[in-house]
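Everything on this sheet refers to the single structure shown next.
Quick note on labels: first sequence line is chain A, next is B, and so on, each numbered from 1.
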Amino acid sequence: MEELTTPGVLTSQLDAAVGWARKYSIFQYPFVTACCGMEYMATASSHYDMDRFGAGFPRFSPRQADVLFVVGTISHKMAPVLKRIYDQMTSPKWVVAFGVCTCTGGFYDDYSTVQGIDTIIPVDLYIPGCPPRPEAVLQGLMMLQEKIQKQGRTVAK
Amino acid sequence: MSGLRDALTKGFGDAVLSFEGEGRDQAALVKPEAARDVLRALKDSGFNMLVDLTAVDFSRYGQDLPPGVTATNPAPEGSRFRLTYRLMKLGATEGLVLGRLAVHCWIVDDRGPASVKDLWPNADWLEREIWDMFGVKFSDRPGIKRLLLYEEFVGHPLRKDYPINKRQPLIGPKDERPRERLTGADLRPRIVP
């Protein structure tokens, strides 16, 4: 123990360290299909600056991403594509439903719209709003970070 | 274009039930069994472009109107769908105003007229869309496929008796209960623990 108490060395639990590392290095995959994408862009850009939370790095390959941002209305014909994108992501992975259309179908209570993406894939975070304000997105992002921190290495997906 | 009116009403006799309107509003009503012959003659006379082919479901026409408003369903007995072919002469001189014509035909049940996809190739997709959305079949296309929706889709969504919030078996949700609709203060992010 002697050497661990020397200055410049920090001790922690592995779970806490893994959770901390993961929550501040979210590689996101923006699955943008509709108008919510504008608000997503506003949140990601410099004014609101999603990068403050370590989530400023969109990857345009699901294989390199941790968090799937489903942004916009998902139609029945897009549903299999979304499912495939989700399956292509490697664990650990999280899903954010961005906007009411992805949460519940929104006002598209009709024949062609998926009534909430949780009918297709598991969802970790719901951010309702049409579209949600960037503040709401950032609040949701912090909630997701909390969850990731708590999960540590135990995430089993 | 009185020449067109004469050519249709005299040339086809009973097959052309009426011809109304002027200029770009002119419209002919034809019998479904003669629709293809009339359309072929129109194409030969210079209507080289099928602008649109669509259908209207009149089964709920005039119902659920506000008080004081009345409407008489124009559908003849036994007819529910009306097909509309919008034709155009694609030419700078006459295409803009004069070279326009709508051809309507009332069909019996879901039995549509013969296909016109060999006259105008774009009719192929338009007829598939009509089958997809309205369930109207074209007499010489028995194996017609859906255009926009998928094969597992049950029903034809633009029919007036298709429930607006019907759920599809492939996608769900399985129950027909309405989803939770968030309003006001509930519109805040939620995390699934």
Side-chain angles (χ1 to χ4, degrees), chain A residues 43 74-83 94-151 157, chain B residues 54-57 59-60 64 81 110 125-126 128-136 144-193:
Chain A
T43 314
I74 300 296
S75 64
H76 282 196
K77 289 195 94 170
M78 191 52 98
V81 180
L82 177 62
K83 176 83 173 103
W94 297 271
V95 176
V96 177
F98 187 114
V100 280
C101 292
T102 50
C103 293
T104 66
F107 55 62
Y108 296 108
D109 191 3
D110 62 13
Y111 66 91
S112 60
T113 304
V114 174
Q115 300 296 303
I117 57 166
D118 50 7
T119 57
I120 314 167
I121 55 177
V123 174
D124 295 284
L125 172 67
Y126 297 87
I127 309 175
C130 186
R133 292 277 312 161
E135 291 88 344
V137 180
L138 296 178
Q139 185 193 354
L141 187 65
M142 285 189 282
M143 291 162 82
L144 182 65
Q145 285 180 327
E146 236 171 80
K147 175 174 178 172
I148 294 173
Q149 173 75 70
K150 265 190 231 154
Q151 281 177 326
K157 277 192 210 170
Chain B
T54 188
V56 182
D57 181 0
S59 60
R60 300 269 173 91
D64 305 322
F81 298 103
D110 58 354
W125 279 15
L126 293 168
R128 282 175 60 189
E129 187 182 7
I130 288 177
W131 158 248
D132 199 356
M133 293 292 162
F134 293 94
V136 171
I144 194 166
K145 282 174 69 178
R146 289 184 183 274
L147 176 71
L148 297 170
L149 298 169
Y150 42 94
E151 285 303 310
E152 296 86 351
F153 195 92
V154 180
H156 301 281
L158 291 195
R159 287 187 168 196
K160 293 295 180 190
D161 55 2
Y162 183 93
I164 192 166
N165 53 3
K166 180 179 157 73
R167 304 286 174 248
Q168 287 294 320
L170 190 66
I171 301 285
K174 295 282 180 268
D175 52 4
E176 303 278 321
R177 280 176 298 157
R179 298 280 317 227
E180 182 188 10
R181 306 282 162 184
L182 300 174
T183 52
D186 293 330
L187 277 174
R188 57 168 63 102
R190 271 188 209 179
I191 191 96
V192 178

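Using non-hydrogen atoms only and a strict 4.5 Å limit, the part of residues 136-143 of chain A facing chain B consists of A/A136, A/Q139, A/G140, A/M143.
Here A/K77 contributes atom NZ and B/Y150 contributes atom OH; the two are 10.0 Å apart, rounded to the nearest 0.5 Å.
Side chain of A/K147 to main chain of B/I191: no donor-acceptor pair is present (N/O by atom type, distance under 3.5 Å, no hydrogens or angles).
The pair A/D109-B/R167 counts as a salt bridge, with a side-chain nitrogen and a carboxylate oxygen less than 4.0 angstrom apart.
Of the candidates B/N165, B/L149, B/V154, B/L149 is the only one forming a side chain to side chain contact (heavy atoms under 4.5 Å, CB included) with A/Y111.
Checked against side-chain hydrogen bond (donor to acceptor under 3.5 Å, both in side chains), B/H156 has no partners two or more places apart in sequence or in another chain.
Options A/L125, A/I127, A/L144 differ in how many heavy-atom pairs under 4.5 Å they form with chain B, and the most are formed by A/L125.
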